[in-house]
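Have a look at the structure below before the remarks.
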Amino acid sequence: MDAAKLEQLKLFISRCQSDPSILSDPSLSFFRDYLESLGAKLPASAYKTESQSKSYVVEESDEEVEHPQEEEEEEDEIVESDIEFEGETVEPDNDPPQKMGDSSVEVSEENRDASQEAKAKAMEAISDGKLEEAIEHLTEAILLNPTSAIMYATRASVYIKMKKPNAAIRDADAALKINPDSAKGYKSRGIARSMLGQWEEAAKDLHVASNIDFDEEISSILKKVEPNAHKIVEHRRKYDKLRKEREDRKTERERQRRRAEAKAAYEKAKKEEKASSSERPGGFPGAGGGMPGGFPGAGAGAGGGMPGGIDYSKILNDPELMAAFKDPEVMAALQDVMKNPANLAKHQANPKVAPLIAKMMSKFGGPK
């Protein structure tokens, strides 16, 4: 057996005898199991919990620990610029709602005729520029025949002349509720919305009105409304894109931060493992993923000490065995057999474990 490795083994045993708590190191649990399989009785200090046991990991100072880079400062909130619109708007009218009729009532022929007479008076008043009087006549016409969409649409057009867009929208809504295909209803509402600066909604209403019953006035108004509506669409698209790009950058920073933290944790674990391996005396076979100390049948009956007569160099110099000891499945099987040699039988069918056991037994001089 290699004299240097034998000397290292003796040093390790000597330290275990002087300080049994060394065996409480989790990485030496396989060796503790092996000693117990030989009948050894270990002191309580060999079973301390991981938090109580003497650590072989070199404590690193804060300077040695690699910390992920601090996350960049949060970007400022995106502030949208104002849009410069063309055309004039008016202040919203806040008058109490105008009188509306009940469109569910039955209208007699007499009331229909009276409603038409009131409308005629309203049209005459409009021609004379008497808009307030026209509103009074149209309100009378609506109350006499509240099922007429044209009455509401006509009153809406008068409210537009009076620069009362909210009142016009209420009448246009009433007209469209009665007749969803009222071109005058859409036209009046579109014009009223443009007066309030509701450019997108106005363009939509005016296009519907034009599709139902095209006229030159609608076309003229659309030429003023559509450029503003287009500006809103482009403005929204621009800032939606900026917000998405900002969110993507935030997501990427978070991903990089987590990656840096994971990398730092991995590097720290590697340093600790390296420090732990170098701190353990002599590179004892099995410590840090090598050979599990010994094997049942290889000098059993040593009364809890290390079995004598084993040439560990045969194990250490066998590449196949050393590679196999790094396989978690193989190590689990070996530890199972160490705890109870009778468990050997249940691993005989495992093609990874059975040949390894046979080879180890041959090196220990045990039965094949």
Side-chain angles (χ1 to χ4, degrees), residues 78-104 119 122-123 126 131 134-135 138-139 141-142 145-245 247:
I78 295 174
V79 179
E80 297 188 18
S81 62
D82 294 332
I83 306 175
E84 294 185 4
F85 297 113
E86 298 177 2
E88 296 181 358
T89 58
V90 300
E91 288 295 322
D93 51 305
N94 298 311
D95 297 337
Q98 61 270 36
K99 291 182 180 180
M100 310 290 261
D102 182 1
S103 60
S104 64
K119 179 186 176 185
M123 300 307 291
I126 294 172
L131 301 181
I135 290 294
L138 286 169
T139 300
I142 287 171
N145 182 11
T147 64
S148 173
I150 194 64
M151 295 298 182
Y152 284 105
T154 302
R155 189 170 70 173
S157 66
V158 177
Y159 277 127
I160 289 173
K161 293 178 183 295
M162 297 173 68
K163 298 188 183 303
K164 292 185 177 183
N166 282 329
I169 290 173
R170 286 192 291 269
D171 272 350
D173 287 341
L176 291 170
K177 184 177 180 180
I178 297 170
N179 179 16
D181 294 323
S182 172
K184 193 167 185 176
Y186 281 111
K187 177 181 176 180
S188 297
R189 192 170 70 179
I191 296 173
R193 283 176 165 174
S194 71
M195 294 171 68
L196 292 172
Q198 299 172 3
W199 305 111
E200 287 183 289
E201 296 84 351
K204 182 178 178 181
D205 279 345
L206 291 170
H207 275 295
V208 174
S210 181
N211 289 335
I212 296 173
D213 186 12
F214 175 82
D215 67 44
E216 291 297 333
E217 184 182 10
I218 295 176
S219 178
S220 176
I221 296 172
L222 272 173
K223 288 179 181 179
K224 299 176 182 178
V225 170
E226 282 193 312
N228 290 335
H230 182 69
K231 287 181 181 179
I232 294 173
V233 172
E234 290 301 313
H235 180 87
R236 184 185 301 117
R237 183 181 294 118
K238 171 185 174 181
Y239 283 96
D240 284 348
K241 181 181 178 181
L242 289 175
R243 277 187 284 268
K244 183 180 184 304
E245 290 174 348
E247 189 63 28

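Numbers here are sequence positions counted from 1. Fair warning: this is a prediction, and the values are worked out from it, not measured in the lab.
Closest approach of Ala174 to Met100, counting heavy atoms only: CB-CE, 3.8 Å. When all heavy atoms are compared, the tightest approach of Gly101 to Tyr152 is N-OH, 3.0 Å. Taking all atoms of both residues into account, the shortest heavy-atom contact from Gly185 to Ala153 is N-CB, 4.1 Å. Ala183 and Ala209 make their closest contact through O-CB, 3.6 Å (heavy atoms, listed as atom of the first residue, atom of the second, distance). Across all their heavy atoms, Ser182 and Leu176 have their closest contact at O-CD2, 3.6 Å. Closest heavy-atom contact between Ile126 and Ala134: CG1-CB, 3.5 Å.
Every residue was checked against the salt bridge (charged side-chain N to carboxylate O under 4.0 Å, His left out) condition with Lys223, not counting sequence neighbours, and none meets it.
In this structure, the side chains of Phe85 and Ile232 come closer than 4.5 Å at one or more pairs of heavy atoms. In this structure the side chain of Ile142 never reaches within 4.5 angstrom of the side chain of Lys99, judged on heavy atoms. When side chains are defined from C-beta on, Arg189 does not count as touching Gln198, because their heavy atoms never get closer than 4.5 Å. Looking at Leu196 and Pro92, their side chains come closer than 4.5 Å, going by heavy atoms from C-beta outward.
Atom CG of Asp215 and atom NZ of Lys187 lie 4.0 Å apart (nearest 0.5 Å). Distance CD/Glu217 to OG/Ser210: 12.0 Å, rounded to 0.5 Å. Going from atom CZ of Arg170 over to atom CD of Gln98 covers 4.5 Å, rounded to the nearest 0.5 Å. With values rounded to the nearest 0.5 angstrom, Asp173 atom CG is found 11.5 Å from Ile178 atom CD1. For the atom pair Tyr186 OH and Lys204 NZ, the distance stands at 8.5 Å (nearest 0.5 Å). Atom CG of Asn179 sits about 11.0 Å away from atom OG1 of Thr147, to the nearest 0.5 Å.
For Lys224, the NZ atom is loosely surrounded, since the number of other residues' heavy atoms within 6.0 Å does not exceed 12. Counting non-hydrogen atoms of other residues, nucleotides and ligands closer than 6.0 Å to NE2 of His230 gives a total of 12 or fewer.
The closest donor-acceptor contact from the side chain of Ser194 to the backbone of Ile191 lies under 3.5 Å.
Ion pairing between Arg237 and Glu234 holds under the 4.0 Å rule for side-chain N and carboxylate O.
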Side-chain donor-acceptor distances from residues 157-168 under 3.5 Å, at least two apart:
residue : atom : partner : partner atom : Å
Ser157  : OG   : Thr154  : O            : 2.5
Lys164  : NZ   : Asp95   : OD2          : 3.0
Asn166  : ND2  : Asp93   : O            : 3.0

